[in-house]
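One structure below.
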Amino acid sequence: MPAPLTPADLLRFAVPTSLALAPDTHRLAYTVLTQDADADERRSTIWLLDLAQPDAPTRQLTSGTHRDTAPQWSPDGAWLAFVSDRADGTQLWLLPADGGEPVRLTRMRYGVSQPRWSPDGRSLLFLTGVPPADDPIQPADEDRAAREKRAKYDATRLRHVTRLQYRWDGYGELLEGRQHIWRIDVGDLVARHPGATVPAPTPLTTGDYDHLDPAWSPDGAHIAFVSDRSEERDANRTDAIWLLEVASGALTQITTQPCENHTPAWSPDGRLAWFSQAVAPEWSHSDTHLWLAERQGDTWQARDVLAGQDANVGHGISGDIASLPTSPPAWSADSRTIYLTANVRGTSNLHRVAVAEGTITAITEGAWQLGPLVEVNAQTVVAIAADPTRPADLLRCDLASHPATTEWLTTLNPWLADYHTSRPHEFAFTAPDGWQLQGWVMPPPGDAADDLPASWPVILQIHGGPHGWYGPCYNATRQIFAGAGYAVVFVNPRGSIGYGEVFARACDRDWGGGDYQDIMAGLDAALARGGLNADRLAVTGVSYGGYMTNWIIGHTDRFKAAVTVNSVSNLISSFGTSDIDTVSGVVEQGGTPWERRDWYIERSPITYADRITTPTRVIGAERDWRCPIEQSEQMYTALRYFGRAATDFLRVPGTSHSIATGTPGQRVAHVRAMLEWIARYNPAQ
């Protein structure tokens, strides 16, 4: 008999997080994230898979005792550059592809990210933080006493803040300095290893600007990158694609339209593609499209390849076990096609874009979430993928048929075969104002039919965003809830992506309005299907889902229990403390608190705290800058003050907005705390 999943099982999951194809197109390096329960740390290991011999055992390239990430092949396939925390934070390392000891390349005080090989294999780019008036390179001979003195000074010095966006969730306490592109020459090292001297890196960019996503042109003459160099760079939602001429250092701005741009990728014939989301001042969301630039004489001309199409492309895997960013656009070898993912109705399938024609065609179909991907040849794409039974594995897509035939290349969680996996059942419903919406019910173990035979207690789960989405792919938290005897109901209300721009924008200036009606209509539709107990309901959500949880319990007493996580409770104070409200929040709410004071009060859940009778557990992360813990503090204090509902407050130290990125032990404790509170006031039996 398969066992139900429990919170302790969260420590057992392993997921691939990145992949890189060697120039020979048959060796695939990929990273696997695991949990070290004894040390309460996450580990990441680089593995090697031979696509020409998929039945051959995979080979472990790094030890697994550190966080080794972002492998990048040298152009000759002899070396792998990667980022590791094995010494002095995250540094850049070099590993012979045939095996051996890695060589440390950098000593940057603030770590490195995004390594990129030059086409001639003689140098590497990377990003590093460069605070003002500080040397970002740590001297090799700096002794322990000097480091401790510096650390003490850094911990106690006064912080001088002048930026509007002076902190960003997941990036530490304050944003001091900027991310810059650096270069390190390794030609002598790779030619004469071992024994060659590692040279010092040099900066390629300067100034009070951030730089992201560097990409070498095929001829090595230019580096494309993303940067916002406008005067309003901390008060807008835009950035631009730039080109740096390597020989001269000259800069050229490729884009001029107000957009959010990311992950530029060069085609073999020298054109540049990237993902771009138009910024409309009156709307919080626009579709992400594929853009292309090509040189015409002395200038670059950029165009929206998917102009006029209501397509939303370039999204990675979104889940509670694997949450992976998008890949850059994946060019075909003939520069005529780009492979990417597109989000449609809760799924993220592989698509093909014919660049010249501007057409987009689905390659895979079904309940997939696809993330990072590479084109192996004209007939094969390999991607990190998730489906309803797997949190993530490597997937081969054979493009010779339509839809593509698929084959799993890894099974990183074979132990799941001994556990029950509940499958979500999709249903359609209609909102009070006529929107046609989508939702799912995930029953407890043993119920495979659509018409559930028992009257199960219910947990209503609400996604964040508001421009997030749910779908049928694997979610460990829902599996744990189902294993404990609950049916989980989840829906995509207005504001969710994957249903077109109009739908995604429909919650702007209406938080707690139509979106609330959608969620409650979805719950009622699920109850009407049968098998669920309308008198045994619980509700939970994270971030905007926490906002909606707070809002719901202030407007109905239908629920026996609520757990609100990293939530928003007071829109006015959120404007002054959240890292994004002064830029995107003001659009969501249609103005500032000074311009719409009554609105901010009306749509703040804290306004209705004196009405709440639902037993509520409040969970907040102490280093959450997206929905700062003061929002949770206000909600808890109000509930405790009025005393109409049982309540308590769990604070998660050292963790940012996504509690899943905390320690493995915190993740287990978080899910266990959610389930314990719900079971106390809405027991499964």
Shortest non-hydrogen contact between Ile46 and Thr62, atoms and distance: N-OG1, 3.0 Å

Arg336 atom CZ, over 12 foreign heavy atoms within 6.0 Å: no

Asn566 side-chain N/O to Ala621 backbone N/O, donor-acceptor pair under 3.5 Å: yes

Any Ser18 side-chain heavy atom under 4.5 Å of Thr31 side chain: yes

Worked verdict on Ser123 versus Ser118 for side chain to side chain donor-acceptor pair (under 3.5 Å): CA-CA 6 Å; Ser123 62; Ser118 62; 3.3 Å; yes

Side chain Glu41, main chain Asp36, donor-acceptor under 3.5 Å: no

For the student: nearest non-hydrogen atoms of Gly100 and Leu95, plus distance: O-CD1, 3.2 Å

Nearest-0.5 Å distance, CG of residue Leu28 to CZ of residue Arg396: 10.0 Å

Residues Asp304 and His289: side-chain donor-acceptor under 3.5 angstrom: yes

4.5 Å side-chain heavy-atom contact, Ile254 and Trp274: yes

Passing candidate, side-chain contact (heavy atoms from CB on, under 4.5 Å) with Ile181, options Leu212, Leu244, Leu125: Leu125

Donor-acceptor contact below 3.5 Å, side chain Trp331 vs main chain Ala265: yes

Contact summary for Tyr209 and Asp228, nearest pair of heavy atoms: CD2-O, 3.9 Å

Thr341 (side chain) donor-acceptor with His315 (main chain) under 3.5 angstrom: yes

Pairwise distance CG(Asp287) to NE2(His285) - rounded to 0.5 angstrom: 5.0 Å

Contact check, side chains of Thr69 and Thr17, non-hydrogen atoms, under 4.5 Å: no

Beyond-backbone contact of His351 with Leu370, side-chain heavy atoms, under 4.5 angstrom: no

Within 6.0 angstrom of Arg144 CZ, more than 12 heavy atoms from elsewhere: no

Where Ile241 and Val226 come nearest, the two heavy atoms and their spacing: CD1-CG2, 3.6 Å

Plane angle bin for His180 and His211 - parallel if under 30°, tilted between 30 and 60°, otherwise perpendicular: tilted

Value rounded to 0.5 Å, distance of NE2 in His222 from CG in Leu272: 11.0 Å

Modelled atom types, side-chain donor and acceptor of Ser286 and Gln277, under 3.5 Å: no

Arg159 side chain vs Arg157 backbone, donor-acceptor pair below 3.5 Å: yes

Note, Thr410 side chain near Tyr30 side chain (heavy atom, < 4.5 Å): yes

From OG (Ser267) to CD1 (Ile338), nearest 0.5 Å: 8.0 Å

Residue pair Glu375 / Ala333: nearest heavy atoms and the distance that separates them: OE1-N, 3.3 Å

Shortest non-hydrogen contact from Arg303 toward Glu294: NE-OE2, 4.1 Å

Side-chain heavy atoms of Pro328 within contact of Pro264, under 4.5 Å: no

Polar side-chain atom of Ser84 near backbone of Arg86 as donor-acceptor pair, under 3.5 Å: yes

Ile580 backbone acceptor or donor facing Ser584 side chain under 3.5 Å: yes

Side chain to side chain contact (heavy atoms under 4.5 Å, CB included) evaluation trace for Leu251 with Arg229: CA-CA 12 Å; Leu251 292 173; Arg229 292 177 165 240; 3.5 Å; yes

Stepwise side chain to side chain contact (heavy atoms under 4.5 Å, CB included) test for Leu409 and Asp393: CA-CA 7 Å; Leu409 296 175; Asp393 268 304; over 6 Å; no

Arg352/Thr337 under side chain to side chain donor-acceptor pair (under 3.5 Å): CA gap, chis, key distance, verdict: CA-CA 7 Å; Arg352 174 193 290 114; Thr337 300; 5.1 Å; no

Gln165/Asn236 under side chain to side chain contact (heavy atoms under 4.5 Å, CB included): CA gap, chis, key distance, verdict: CA-CA 10 Å; Gln165 288 184 300; Asn236 60 28; over 6 Å; no

Heavy-atom donor-acceptor pair, His262 side chain to Asp213 backbone, under 3.5 Å: no

Ser276-Asn261 side chain donor-acceptor pair, cut-off 3.5 Å: yes

OG1 on Thr380 to CG on Leu51, rounded to 0.5 Å: 8.5 Å

Polar side chain donor-acceptor pair, His26 to Asp24, under 3.5 angstrom: yes

Arg150 with Asp135: basic N within carboxylate O range, under 4.0 Å: no

Check ion pair Asp210-Arg233 (N to O, under 4.0 angstrom): no

Interatomic distance, Leu94 atom CG to Leu105 atom CG [nearest 0.5 angstrom]: 5.0 Å

Side-chain heavy-atom pair Trp73, Leu80 within 4.5 angstrom cut-off: yes

Listed once per pair and sorted, the salt bridge (Lys or Arg N to Asp or Glu O under 4.0 Å) pairs that draw on residues 88-102, sequence neighbours left out: Asp88-Arg104, Asp88-Arg147

Arg122 to Trp117, cation-pi by 6.0 Å centre distance and 45° axis angle: no

Side chains of Val83 and Val112 in contact at under 4.5 Å (non-hydrogen atoms): yes

Check against side chain to side chain contact (heavy atoms under 4.5 Å, CB included), Ile363 and Tyr339: CA-CA 9 Å; Ile363 297 175; Tyr339 299 100; 3.7 Å; yes

Heavy-atom donor-acceptor pair, Ser335 side chain to Asp269 backbone, under 3.5 Å: yes

Whether Trp291 side chain and Ala302 backbone form a donor-acceptor pair below 3.5 Å: no

